[in-house]
Every structure is written in C-alpha cells, then in structure tokens.
Amino acid sequence: MLYYLLYPLHAYVSAFNVFRYITFRTVLSTLTALVISFYLTPRAIRLFQQLKIKADKREDVPDRHESKKGTPTMGGAVILVATIIPTLLWADLKNQYIWIVTLSLVSFGMIGFFDDLRKLKGQNGKGVPGKTKLLLEILFALIISALIYSQSGFLPELTIPFFKNLTPDLGLFYVGLCVLIIAGSSNGVNLTDGLDGLAIGPVITVCSTFLLFAYLVGNIKFAQYLQIVYVKGAGELTILCGAMLGAGLGFLWYNAYPAELFMGDTGSLSLGAALGTMAVIIKQEVLLVIVGGIFVMETLSVIIQVLSFKTRGKRVFRMAPIHHHFELKGWNEEKIVVRFWIVSIMLGLFAISTLKLR
Ligand code: 57M
C-alpha cells in the first residue's frame, strides 16, 4: 500500500523513484517486519501467559524438556502478522504470486491455529486428528497448486539443479507434485520444531536463499545471464521473503535457548507451506530438497524409524525425529541446534552455487 502512495510521488520529487526498486522495498519490508516483531512478541508472550496458551510437557520426551513446560506457544501468529503486514505495505499488490503465498501462509496458519487451540483446550493435549489435518493440508495445497498452475505463462516444468537443459514438462502431474512439495514442506518444518531455535534457523536460511533466487528468476537479464528459468512477476516475492526473514529473526530473538516462546503449529505449518509454495513459483522445486535438507533429514528419520520398527521391530535411531536421537546421545540442546544451523547454512551456500554449476 505504501508502495502505491509513495512511488507516484516521483513525478514531483525524483527521489521517490527509489520505491520502484525491489531491492529497496525488500530492505524496507525486512526492517518493518523486525520492528513489528520486536514490538509485538514481548506483548504476545505476556498475553499468552495470561491466557494460559502454554506448552505441556509430553510424557515421552527426554527429561530436559521438563523445564519447557509452561512456555507460551502459538508465537507463529506473531510471525504471520510480522510477515504479512510489511508485504502488504511494500509489495505490488497487483502481483498474483504475492497473494498466493499469503494464502498459503494464512490457510496453513489456520490449520495450525486450530490444532494448537485444540491441544490447549482438548483432552489429553491432543490436537486436530491426524487424518483431518492431513486432508485439510492436501485440500489447501491443491487450491494453491491449481492457482499457480493457472497463472498465465507459468510452465509446468521441473527445474533440476546442475542440468540446465533438463526441464521435463509434467503437464497436470505437476499439480500433484506441487501438493506433495507444499504439504511435505509444511510437515517437515513441523517435525523439526522440537528444540529452541531448531526450526526457525533453517527457515531463515531457506528464506534468505529464496530471497536471492526470487530476485534473479524474476529479472529477465539475470535469468538469461545465469541460464535459469525466468518467471515473470516472481521478483516481487523477494519482498515477501524479506518480510519473512525479518519476522523470523525477530522470533528467533525470543525463541533462542532458553526459549520464551514457541511458534506452535500455527508457525511451523504456515512457514513450511509458504516455503514450499515459493519453491514451486520460483521453479526451484528440487532445490528445496537441498536447501531445506534439515527438514528432509528430520522427516526421513521419522519415516526410517517407523518403517524399521514396523517391519523389523527394531529402532534405527534412539528416538525420531533425529534431534531427539542426539539429545539421548547426550549432546546438549544448544550444541544440536547450532550444529543443525551450520549444516543448514552450508546447504544454503551449496544451493546458491548451483546458479553457476550448470
Ligand atoms: C510436533 N512438537 C514438539 C511447540 C512447537 C509421527 C511422529 C514422529 C510425530 C512427532 C510429532 O508429533 N511432531 C510434531 C512436535 C513440542 O513443540 C510444540 O509443537 C510445536 C511444533 N509443532 O512450536 O509448540 C515440544 O518440542 C519442544 N520444543 C522446544 N523448543 C521449541 O522452540 O523445546 C518446541 C519448540 C515442546 C518442547 O518440548 O513441548 C514435540 O516434540 O512434542 N512425534 C514425535 O516427535 C515423537 N516421536 C516419536 O514418537 N518417535 C518414535 C517413532 C516411532 C516415530 C520413536 O522414535 O520411537 C516425539 N515427540 C515427543 N517426544 N514429544 C517422541 C518424544
């Protein structure tokens, strides 16, 4: 909205021309998100404490988690506000991709919100039943995928890192793949969100990487120079990535060990879905598996553990998701989290290197 108010003023004062640039608006959206986050989060923590929106200790977690009982949760609601408001202020609202990613943030945020609410109010701390949750996730992912597919000029081709000429056209199957990416990414972040700062760190890494990619794939000159797919209009997502980055950093301030606030499913499901949606729009579907390697590893650890337990009656890890395995091995929480961040940053850098290695 501010973009529409300020940019036209360049007709009178040339300095206002600066609002035309995606880079400048991205800086503004990141800073706005940080300010909103720093203003709202401490207030939300106090409010959630008064309303008793607090995490319960799960019976089967490593003992260290006893101290976490009573930590306010649903901090994802603040992340959503701090991402969406700066986006609405600084992005071009005629851009459809901005609305599609906002839809994925809000719709998956709603699923998470009702899940968190039921966990707080329901019996035995149980949230929305697993099957209902999955069905809703598939439904929303399908709507989002169909919207992306129907954008004029959007090609249902898969981009494979390192192979610039290999772009298989998947036709309608592409929609099915998108559903898998969006719902999978959402659940991947959710499974990772089990230690202070563990999920938001890699979310920040993926977001920063996508910020760069969105800018490049949305700019025809850079796209041609780097021989990557050009997606008209995707550049505007740089501003949304900036907002999500600012909101994520603001949340991390309070979620860093010892956490004063958890994001809840409201945060994990929505952030994961938004990253999956962006991966599809900026045609970096496979790259998400690399840059989001932490989420993939956490998800795979659960799949392997469950399969092994069902087929052989034996566990591969001491406990899945894999961060619990390291906890039970005696690593302390900060060490696990910082090491996972280091891996995530390395994966982000590797993902960026695919721009040249092709
Ligand atoms: C929810 N929730 C955290 C917080 C956060 C299929 C199965 C693998 C599913 C999985 C599962 O339920 N995962 C998703 C994980 C919980 O955090 C809340 O949940 C939100 C995210 N959804 O925002 O509101 C607890 O995690 C800790 N936490 C922090 N800091 C944070 O910043 O310390 C969270 C955020 C919090 C807090 O203690 O209360 C959670 O872990 O419960 N299930 C599991 O993960 C279970 N694994 C399991 O059963 N493994 C089996 C195999 C066969 C799958 C095995 O290995 O044998 C574990 N969950 C728990 N304990 N809680 C088992 C151990």
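All ligand and atom numbering here is 1-based and tracks the order in the structure.
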Quick one, Glu333 with Lys335, criterion salt bridge (Lys or Arg N to Asp or Glu O under 4.0 Å). Give me CA distance, side-chain angles, the key distance, then yes/no.
CA-CA 5 Å; Glu333 181 164 358; Lys335 201 165 205 90; over 6 Å; no
What do the steps show when you test Leu237 against Ile282 for side chain to side chain contact (heavy atoms under 4.5 Å, CB included), and what is the final call?
CA-CA 9 Å; Leu237 285 181; Ile282 62 173; 4.2 Å; yes
Phe19/Phe24 aromatic ring centres below 6.0 Å
yes
Would you call Glu327 and Lys329 a salt bridge, using N to O less than 4.0 angstrom?
no
Which part of Ser268 is near ligand 1, with near meaning a heavy atom under 4.0 Å away: side chain, backbone, both or neither?
side chain
Full working for side chain to side chain contact (heavy atoms under 4.5 Å, CB included) between Lys119 and Asp265
CA-CA 10 Å; Lys119 276 183 197 151; Asp265 283 24; 3.4 Å; yes
Short N or O distance, Lys119 and ligand 1, threshold 3.5 Å exclusive:
no
Do any N/O atoms on Gly194 end up under 3.5 angstrom from N/O atoms on ligand 1?
yes
State the atoms of ligand 1, each with its element, that fall below the 4.0 Å cut-off from a heavy-atom position in Arg315.
55 (C), 57 (O)
Side chains of Tyr215 and Glu236: donor-acceptor distance under 3.5 Å anywhere?
no
Selection from Asp116, Asp193, Asn190 by shortest heavy-atom distance to atom 22 (N) of ligand 1
Asn190
Between Ser37 (side chain) and Leu34 (backbone), is there a donor-acceptor pair under 3.5 Å?
no
Here the atoms of ligand 1 under 4.0 Å from any heavy atom belonging to Met319 are 56 (O), 63 (C), 64 (C)
Interfacing atoms of ligand 1 (cut-off 4.0 Å, heavy-atom, Leu191):
9 (C), 10 (C), 13 (N)
Heavy atoms only, cut-off 4.0 Å: how does Leu195 contact ligand 1, side chain, backbone, both, or neither?
backbone
Could you list which atoms of ligand 1 come closer than 4.0 Å to a heavy atom of Pro321?
44 (C), 45 (O)
If we number the atoms of ligand 1 from 1 as shown, the ones under 4.0 Å from a heavy atom of Gln305 are 52 (C), 53 (C), 55 (C), 56 (O), 57 (O)
Could you see which bit of Thr73 sits under 4.0 Å from ligand 1, with heavy atoms only: side chain, backbone, both or neither?
side chain
Numbering as shown, the atoms of ligand 1 that approach Asp265 to under 4.0 Å (heavy-atom distance)
20 (C), 21 (C), 22 (N)
Would you call Gly264 a ligand 1 contact, heavy-atom distance under 4.0 Å?
yes
Would you mind listing which atoms of ligand 1 come within a distance below 4.0 Å of any non-hydrogen atom of Val302?
8 (C)
On the ring face of Tyr7, is Arg20 found with NZ or CZ under 6.0 Å from the centre and within 45° of the axis?
no
Inspect the contact between Arg25 and Asp92 and indicate whether a charged nitrogen and a carboxylate oxygen are less than 4.0 angstrom apart.
no
If we number the atoms of ligand 1 from 1 as shown, the ones under 4.0 Å from a heavy atom of Asn255 are 32 (O)
Is it the side chain (CB and beyond), the backbone, both or neither of Met74 that lies under 4.0 Å from ligand 1, heavy atoms counted?
neither
Quick one: pull up OG in Ser270 and CD1 in Ile111 and give me the separation to the nearest 0.5 Å.
10.0 Å
